[in-house]
Amino acid sequence: MTLTPEIIAILMLDGLFLFFSSIAFVLSLKLYWSWDSEATTLLQYRLEKESYLVGLIIKYIFMLKVPLFLFFIYTCDTLSGIITGAMCAAGVVNSVDFGLFLLLFKLLNLYLFGFWLLLHVRDVESELQPYVRQKSLFFGIAFFFFVAEIVLEILFFTSLNISKIVSCCGTLFSASTQSSLSFLFLMENWMIVSLFYASFILMLVGFMVKNGAVYLFSNLLFLFFAIVSLILFFSTYVYELPTHHCPFCLLQSDYYGVGYFLYAALFLGTFYGICGVVIATLTKGFILRAMRFSLFFNSLYVVMVSAYVVVYFLKNGVWL
Amino acid sequence: MIVLKNVCKCYETEAQRIDALRDISLHVKAGECVILKGASGSGKSTILSLIAGLSKPTTGDVVVDGKRISKLMEPFSAHFRRENIGVIFQRYHLIATLSVRDNIALPLIPENLSAQVMEKRVEEVMELCAISHKSSALCRHLSGGEQQRVAIARALVNEPKIIIADEPTANLDAVLSEQFIETMYDLKKSGVTLLIATHDSQFFNLLFVDQQIELKNGVMLS
Amino acid sequence: MKFNLYLLEFALFSLIRKGAKTLFVFLILTFLIFLLASVLFISDAIKHELNVSVAHLPELTLQRLQAGKQVNVPLKRVEPLLEIEGVASVIPRVWGYYYFKVAGVNFSVVGIDAFEQSYKESLQKVVDAYDVKALEKESGMIVGAGVKKILEENYYQDFFNFVTADGKWKRMHIMGSFNADISLQANDMILLPKKSAYEIFGMPENEATDVVVKVSNPEEIPTIVSKINQLYPDMRVVTKEDIRVSYQNIFDYKSGFFLSLFVVSAFTFFMIIYDKLSGLSSEEKREIGILKALGWSMDDILKERFYESFILCFGAFLLALALSMAYVFFWEAPLLRSLFVGYSTLKPSFELPFYFNMPMIVLLFLLSVPVYIGSVMIPSWRAAMLDADEVLR
Ligand SMILES: Nc1ncnc2c1ncn2[C@@H]1O[C@H](COP(=O)(O)OP(=O)(O)OP(=O)(O)O)[C@@H](O)[C@H]1O
Ligand SMILES: [Mg+2]
């Protein structure tokens with residue numbers, strides 16, 4: 001177990017989150033069971049106020065979770081300096097068996113909390129607060145994911161072992177057989193890249209015919225292929241090295257932290273594309289607005305990654 | 001404009017259950033002036049706070065300007081109050097450590113108006129209530145009558161359709177009460193609906209009063 | 001949605017109106033963040049300094065182990081080591097600690113040689129500045145600034161009597177002193193001719209304390225290490241990287257340990273105090289009631305409260321940052337620094353280099369502001385949900 005100040009900060013905030021989210025959880029359950037917008041009981045008046053507190057807590061957590069996610073990556077990056085063999089966050093995350101799960105949970109929870117907040121915004125826009133029970137139920141479930149993330153994170157930091165030698169991103173993201181991600185490399189580059197662009201085109205079609213279902217589906221595909229194609233293909237153009245596939249090194253200052261922009265665009269685009277469209281459908285809201293937001297950020301992402309390839313080709317006259 | 005339908009309000013404390021209002025129904029048309037009278041503890045203030053949306057009835061409905069404010073939830077009831085209702089309290093309830101101008105501007109803060117509009121509105125009501133000369137004095141340095149005028153100015157600054165006054169003259173002498181009544185008369189002429197809870201007999205035989213409602217132990221007498 | 005400046009202004013004045021209570025919270029908060037920032041600044045500065053000094057170290061240090069303990073290395077091993085491909089130079093070192101009983105401190109004594117390159121650039125500079133042969137002839141030595149100070153305090157103006165391993169006196173003249181750029185390491189150092197060092201330590205002259213190896217190409221380090229291991233299985237090879245990691249660990253651990261203790265105790269303390277303070281006075285309750293009756297929503301009141309705590313907290317944060325920078329880098333952190341450099345009373349007299357970076361500010365922010373905002377969240381909510389009908393009664 002190592003206790004760098006960064007880790008302490010993260011663990012402390014985890015403790016804080018756990019405390020507050022438990023309060024929100026208990027209140028959510030209460031809201032789910034007893035909410036009755038027609039009632040004029042003291043209980044109902046109390047619940048109305050408590051539903052405020054739930055919103056407040058979740059806003060607080062979400063507001064910190066977003067920068068904390070970046071901070072987590074940053075911490076892993078600095079830890080790579082003291083963990084033998086690790087060159088970037090990838091090695092550190094993978095030094096523990098469940099590192100990848102932790103990361104996935106973190107991402108998933110960002111989507112879940114964001115979804116909740118979107119629903120919340122729609123809810124309090126209306127005088128009757130029609131979605132209180134739905135959002136309470138939703139949080140009641142999301143809470144477990146959140147706890148899982150926190151537990152994993154605590155385990156992660158307590159079981160980090162400095163003396164253990166880990167593999168660097170070079171071996172993790174390579175076709176070599178011992179890497180857990182090697183199966184990805186069985187696919188041909190051109191196939192993945194064309195699937196990536198195909199899902200984007202499908203998204204455009206979905207947007208033009210204003211079909212929420214198609215749009216949602218294409219976003220799920222897009223998210224998946226975007227990540228895979230980034231690892232397999234686009235990252236090599238960022239690094240200008242045909243063998244470097246790491247999705248974490250993108251975040252380092254050597255590459256101007258371009259990863260932060262790429263991931264932010266991808267996250268926002270798919271977030272509005274998935275959560276935004278779901279919410280808009282559920283609450284009969286402005287689906288077009290969500291789609292427009294989503295399309296903007298997704299296009300931004302596509303333009304950014306494509307630009308790397310094109311610029312490389314223009315500069316060097318060859319493909320990698 | 002204001003409709004109360006079979007409104008009951010009971011307060012539950014550990015010791016007992018107090019029925020502050022029992023089956024109250026009343027109807028106030030726009031532009032009317034209504035006096036609520038009755039002994040202390042008869043439920044006058046409770047009716048006013050229900051109409052202002054500050055508390056909710058145990059049963060029954062309160063409808064103001066077509067809105068069921070008895071069912072209106074938090075941000076909307078506050079919003080509604082801000083747009084439509086001006087309140088004058090029994091003890092003025094000015095914030096003593098703020099200046100006259102700042103006190104008057106309080107209801108406008110959540111509106112987030114531009115500085116000019118805000119300034120203009122505050123100037124207007126200060127003019128109207130003849131308190132401009134004290135605009136930057138602290139409220140705790142004001143006399144009772146001046147405080148009263150600031151309270152009125154503050155109730156008017158958001159240009160409400162309804163003014164609610166809870167025993168506005170309880171702390172004033174006869175001359176100042178007279179002045180207050182005149183201000184109310186001016187307001188009524190400009191079309192504002194007035195609801196005044198009082199047991200000051202000066203109000204009981206005014207010509208511009210449209211309804212007098214007498215309460216006793218939470219029940220309407222007339 | 002436009003940002004509501006009036007609300008911010010109201011929050012600011014409301015803080016001022018609360019006067020003493022605001023000041024009290026502000027001061028406590030400033031003090032806590034100040035402590036936190038100072039600890040982080042000091043540990044970061046030390047880490048930075050160590051990193052710089054480690055960068056000057058030779059790539060490999062070879063120690064001989066016997067029964068798990070470090071023992072001297074026979075000098076005849078130097079030649080075979082030099083023959084390994086990729087090795088640029090091999091320098092046997094003679095050094096050790098000398099305990100000066102009177103002052104109760106340890107000096108590091110390092111033997112130098114006129115014909116040998118020193119293992120460290122900064123050391124070489126010092127050696128170059130003096131005539132090592134003259135040192136040998138007149139049994140002189142060069143001492144670090146800290147050593148000089150200690151010796152002077154004990155009335156050794158221009159010489160010092162070492163007690164050798166045989167119990168004899170060995171008088172060495174102070175020929176000069178140095179202020180190395182990397183003060184942390186050099187402060188307690190005494191440089192003297194190798195011959196004298198052998199004598200003081202009572203070491204046989206065909207041995208060295210350890211051996212330092214320079215490598216022409218850092219990429220080859222792993223191969224060279226394995227070759228050395230084959231050649232001399234009893235030698236432990238410590239790479240520069242190992243040293244850097246262990247240093248970093250020590251300091252991370254120290255600051256981490258302190259921090260966690262500190263954070264937990266300080267903030268629980270703070271929460272208790274805040275809880276006592278945050279009970280709303282009847283005046284405050286009345287004010288909230290008035291505002292609600294005037295048409296402020298719960299949201300507005302919460303926002304106002306949030307602005308209040310944010311102004312307070314952010315102000316305290318900035319002030320504490322400025323104070324701790326002055327305290328650490330200008331006044332050299334009296335009291336607190338001893339927490340980190342506890343091994344020898346000499347070492348605390350090093351200078352903390354100015355070292356400041358953005359991630360650290362972020363870290364500091366994350367350690368303090370969210371905790372405060374979190375701790376005021378529920379009290380603010382309680383305040384905002386107060387029943388407003390009390391003002392109308
Ligand atoms: N929060 C409360 N909890 C318990 N009882 C309450 C509460 N508020 C009001 N009451 C009770 O409700 C009754 C009506 O109160 P209300 O303030 O309406 O009287 P009022 O007519 O305004 O009297 P006054 O002329 O003295 O102001 C009183 O008996 C009072 O004790
Ligand atoms: Mg009353």
Side-chain angles (χ1 to χ4, degrees), chain A residues 1-21 23-24 27 42 45-61 63-65 67-68 70-75 77-86 121 124 157 160 162-163 253, chain C residues 36-37 39-40 43-44 47 51 239 241-242 244-264 267 271 297-299 301-303 305-306 357-360 362-378 380-382 384-387:
Chain A
M1 170 160 183
T2 32
L3 275 184
T4 70
E6 288 86 8
I7 294 181
I8 292 174
I10 291 182
L11 290 180
M12 186 190 72
L13 287 175
D14 275 347
L16 218 58
F17 288 171
L18 204 57
F19 172 71
F20 282 118
S21 63
I23 295 180
L27 292 181
L42 278 179
Y45 297 144
R46 210 186 146 68
L47 287 179
E48 280 171 24
K49 287 168 175 169
E50 282 170 351
S51 108
Y52 238 83
L53 184 60
V54 175
L56 201 63
I57 288 175
I58 295 177
K59 263 186 235 161
Y60 167 81
I61 294 179
M63 233 122 75
L64 285 171
K65 262 187 87 62
L68 216 55
L70 302 181
F71 190 73
F72 173 79
I73 304 281
Y74 164 79
T75 303
D77 239 1
T78 54
L79 282 176
S80 67
I82 54 174
I83 292 188
T84 335
V121 168
V124 296
F157 282 124
L160 266 190
I162 332 168
S163 41
S253 53
Chain C
L36 206 62
V39 170
L40 284 182
S43 77
D44 245 38
K47 251 195 274 180
N51 274 340
T239 63
E241 193 58 19
D242 293 337
R244 192 185 63 76
V245 169
S246 73
Y247 270 145
Q248 181 143 3
N249 270 332
I250 289 172
F251 283 98
D252 275 347
Y253 202 79
K254 275 202 156 195
S255 55
F257 188 69
F258 177 79
L259 264 182
S260 42
L261 268 184
F262 168 81
V263 164
V264 172
F267 281 98
M271 292 273 210
S297 62
M298 241 167 101
D299 244 351
I301 292 177
L302 272 174
K303 249 190 226 151
R305 292 250 141 187
F306 173 75
N357 58 358
M358 208 46 215
M360 180 137 88
V362 174
L363 171 68
L364 209 52
F365 188 86
L366 285 178
L367 273 171
S368 54
V369 175
V371 182
Y372 180 74
I373 301 286
S375 72
V376 299
M377 192 158 59
I378 289 183
S380 311
W381 170 75
R382 280 227 190 87
M385 66 165 242
L386 275 182
D387 275 326

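Here is how names work: the chains are called A, B, and so on, in the same order as the sequence lines, proteins then strands, and each is numbered from 1. Because the structure is predicted, anything quoted here is derived from the model rather than measured.
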Supply the atom-to-atom distance C/W381 CH2 to A/E50 CD, rounded to the nearest 0.5 angstrom. 5.0 Å
Might you point out which heavy atoms bring A/Y60 and C/V371 nearest each other, and give the distance in Å? OH-N, 4.5 Å
Who pairs with A/K49 by side chain to side chain donor-acceptor pair (under 3.5 Å), at least two apart in sequence or on another chain? C/D387
Which distance, rounded to the nearest 0.5 Å, do you find between the CG of C/L366 and the CD1 of A/I8? 13.5 Å
Contact part of A/L64 toward chain C, heavy-atom cut-off under 4.5 Å: side chain, backbone, both or neither? side chain
What's the shortest heavy-atom distance between C/P370 and A/L16, and which atoms? O-CD2, 4.0 Å
Which one of A/Y45, A/Y52, A/Y74, A/F19 has the most heavy-atom pairs closer than 4.5 Å to chain C? A/Y52
Value for CD (A/E48) from CE (C/M385), rounded to nearest 0.5 Å, stands at 11.5 Å
With a 4.5 angstrom heavy-atom cut-off, which part of C/L302 approaches chain A: side chain, backbone, both or neither? side chain
What is the distance from atom CE of C/M377 to atom CD1 of A/I57, rounded to the nearest 0.5 Å? 5.0 Å
Got a sec, which residues hit side chain to side chain donor-acceptor pair (under 3.5 Å) with A/T75, two or more places apart in sequence or on another chain? none
For chain C, which of A/I23, A/L13, A/I10 has the most heavy-atom pairs under 4.5 Å? A/L13
